[in-house]
Amino acid sequence: MNLAWKEIKKNKVRFLILGSIVFLVSLLTFIISGLANGLSQDNAALIKDLPEGQFYMNEDADETYNLSRIDSGIQNEILKIQKDAVAFSIQMGFLNDEADKQQSIAFVTSTDSKLFENVKHEEIILDSSLKDKGIKVGDTLTNNQFSGKFVVKGFVDQKKYSHAPVAYISMEDYKEIYRVEQMQLVFTPEGDSSQEFTGLQSFSKKDFLNTIPSYSAEQMSLNMIVWFLVVISGMLFAIFFYMMNVQKIGLYGILKAIGLKTSRLFKMIWTQMVVITVISLVISITLSQVFNMIAPEGMPFSLSFKTTGQLSIVFLIIGFIGATLSGIQIKKIEPLQAIQQGEV
Amino acid sequence: MTLFTIDEVRKSFTNGEVKEEILKGINLSLREGEITALVGASGSGKSTLLTISAGLQPTSDGQVIFEGKNMTTMSSEQVRKVRASKFGFVFQFAHLVPFLTVEEQLMLMLDVSESRLKKHEQKEEVNRILKLVGMDHRKNSYPNLLSGGEKQRVAIARAIIHKPKVLFADEPTASLDSKRSKDVMLLIRELTKTLNITTLMVTHDEEMLSYADQIIKMSDGLILQNVD
Ligand SMILES: Nc1ncnc2c1ncn2[C@@H]1O[C@H](COP(=O)(O)OP(=O)(O)OP(=O)(O)O)[C@@H](O)[C@H]1O
Ligand SMILES: [Mg+2]
């Protein structure tokens with residue numbers, strides 16, 4: 001006889017409340033983690049989309065890529081040894097469109113590489129989010145520090161840096177705008193930390209992302225919210241199962257008195273926990289994925305099935321622990337106690 | 001024939017520093033198919049003796065022998081098995097499972113006692129017992145819709161559905177009026193006779209004693225009198 005299911009059927013409201021709490025907390029967690037991921041894409045897609053590898057900047061740069069100037073001799077040496085290596089620079093700046101409206105962008109330039117867009121003198125390739133601002137292929141854009149004009153050659157998807165769309169320009173034009181000869185960074189795909197070059201400090205991709213001040217602060221607070229939510233939901237689960245079990249101590253005592261095995265009582269609460277959690281998770285996964293699809297264009301939201309899946313497993317484990325912890329009381333219940341306590 | 005023997009059973013509880021002996025050496029036998037009534041003042045140890053006999057709490061000293069086996073030395077799993085298959089319980093309150101219908105309460109008991117009957121045979125048996133206690137018309141009701149007397153009759157049905165050898169009843173009529181008490185007592189008596197069940201019953205009600213084959217009077221943890 002399936003006691004777990006019979007109880008759920010008889011006490012629909014109680015289990016519905018528990019289910020909706022699981023649903024709301026998990027949905028909130030999914031949304032926040034979608035937001036965290038979306039923001040991190042918005043902040044550093046340019047870097048995140050690069051393959052795993054090593055980043056190098058000047059040792060004297062104080063771990064701030066903006067201050068890094070890589071000696072061209074060393075740069076040439078690295079590029080010669082590692083044929084996939086690329087030197088690049090990033091600077092925040094502005095472009096004026098044809099209507100002379102200013103657009104905030106991140107200028108990126110690099111040596112020849114298939115990891116970056118390669119553009120010629122007076123050409124520019126932009127992140128596709130600028131299409132929404134009315135910029136089209138063939139438009140000419142200007143910059144106060146630049147004597148010439150940029151002609152828009154094309155667009156690339158999802159290339160953002162520091163919440164601004166990326167604009168690829170040639171090294172020649174970059175040098176004119178920022179009046180620097182050296183590049184800020186060198187990236188070696190598939191390189192590892194064992195490769196050292198004099199005067200340069202190396203970073204893994206993760207470490208490099210963390211040197212971007214806004215990135216690490218943003219991600220840390222969002223990830224903290226996500227994990228707090230996970231912990232809070234864990235406690236909610238445990239407390240709810242605990243309260244439900246406390247109410248049923250008398251009942252469990254009677255069931256034990258008539259000879260039910262303790263293991264069967266545990267199976268009962270586990271089944272209930274799994275049924276409630278799985279149903280609630282399925283609903284919140286569906287809703288968060290729907291939200292992922294219909295989220296407005298400008299909203300930094302990106303939630304993968306993988307992340308949802310991982311969080312769901314965490315929720316299941318937490319629910320299981322919560323149910324089991326409160327179930328430990330069941331083990332301690334003396335059937336006699338229940339009988340003497342009067343009507344259940 | 002003796003089915004159940006209680007041999008020099010002692011039980012003490014420690015309340016803080018003080019150790020109190022509640023049962024001070026009880027000897028008693030239950031004969032097959034008979035009703036034994038336990039009477040005595042409140043606090044004399046009747047419920048303690050009953051629950052010890054039923055394997056619901058351990059003794060401090062002495063033996064409880066059932067079908068020739070010493071229950072005090074069994075593991076808790078062995079005791080559980082005996083309780084599930086050989087004992088039936090009725091208490092002052094019915095203690096029905098709130099989320100099961102009357103029929104399901106009895107099906108659960110058959111399940112717990114590992115009945116070998118097939119599903120449809122189990123249902124027939126449940127129907128038969130519910131008819132015996134006059135509750136077959138309420139078999140699809142949940143306990144919250146039953147009156148006190150009806151609940152108690154379902155509890156009795158649950159206590160005997162798996163054909164236990166011994167029925168333990170602790171003031172089974174205490175929550176009922178005198179008319180219902182009489183009905184329930186007659187029912188227990190009839191069932192013990194037809195199903196050859198041995199019954200140990202605690203009662204406060206003098207009237208109930210007329211249904212007993214053996215009356216044991218307890219006082220202060222000792223048996224005062226044993227009236228056949
Ligand atoms: N678990 C326990 N811990 C401590 N003392 C207990 C415990 N169980 C019973 N007692 C004590 O043992 C004594 C006998 O209790 P018991 O319940 O057996 O009496 P009783 O004869 O059934 O009384 P009543 O007619 O009121 O039900 C009481 O004084 C009670 O306080
Ligand atoms: Mg009592």
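Throughout, protein chains are lettered first and strands after them, A, B, ... in sequence-line order, and every chain is numbered starting at 1.
- Atom CE of A:Met299 has more than 12 heavy atoms from other residues, nucleotides or ligands within 6.0 Å.
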Side-chain donor-acceptor distances from residues 126-135 of chain B under 3.5 Å, at least two apart:
residue, atom, partner, partner atom, Å
B:Arg128, NE, B:Glu125, OE1, 3.3
B:Arg128, NH2, B:Glu125, OE2, 3.1

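- Heavy atoms closer than 4.5 Å to chain A are found in the side chain of B:Glu77, but not in its backbone.
- Taking both residues in full, the closest heavy atoms of A:Glu334 and B:Leu56 are given as OE1-O, 4.4 Å, listed atom of the first, atom of the second, then distance.
- Counted within 6.0 Å of NZ on B:Lys165, heavy atoms from surrounding residues, nucleotides or ligands total 12 or fewer; the atom is thus considered open.
- In this structure a side-chain-to-backbone donor-acceptor pair under 3.5 Å is present from B:Arg83 to A:Lys256.
- For A:Ile8, no part sits under 4.5 Å from any heavy atom of chain B, backbone or side chain.
- Pairing each heavy atom of B:Arg80 with each of A:Leu260, the nearest pair is CD-O, 3.9 Å.
- In this structure, A:Phe305 places its CZ atom where only 12 or fewer heavy-atom neighbours from other residues, nucleotides or ligands lie under 6.0 Å away.
- Residues B:Phe99 and A:Leu3 share a closest heavy-atom pair of CE1-O, 3.6 Å.
- The heavy-atom pair separating A:Ile258 from B:Met109 by the smallest distance is O-CE, 3.5 Å.
- Residue contact with chain B, scored on non-hydrogen atoms closer than 4.5 Å, involves the backbone and the side chain of A:Lys261 alike.
- Heavy atoms closer than 4.5 Å to chain A are found in the side chain of B:Gln57, but not in its backbone.
- None of B:Val97, B:Asn144, B:Leu100, B:Thr101 except one satisfies the side-chain contact (heavy atoms from CB on, under 4.5 Å) rule with A:Lys10; the exception is B:Asn144.
- In this structure, the portion of B:Tyr142 lying under 4.5 Å from any heavy atom of chain A is its side chain and not its backbone.
- Here the CG atom belonging to A:Leu336 is positioned 10.0 Å from the CG atom belonging to B:Leu50, to the nearest 0.5 angstrom.
- Side-chain contact check for A:Leu255 versus B:Leu108: some heavy-atom pair is nearer than 4.5 Å.
- At most 12 heavy atoms of other shown residues, nucleotides or ligands fall within 6.0 angstrom of atom CE in A:Met235.
- Shown here is A:Lys6, whose NZ atom has more than 12 heavy atoms of other residues, nucleotides or ligands within 6.0 Å.
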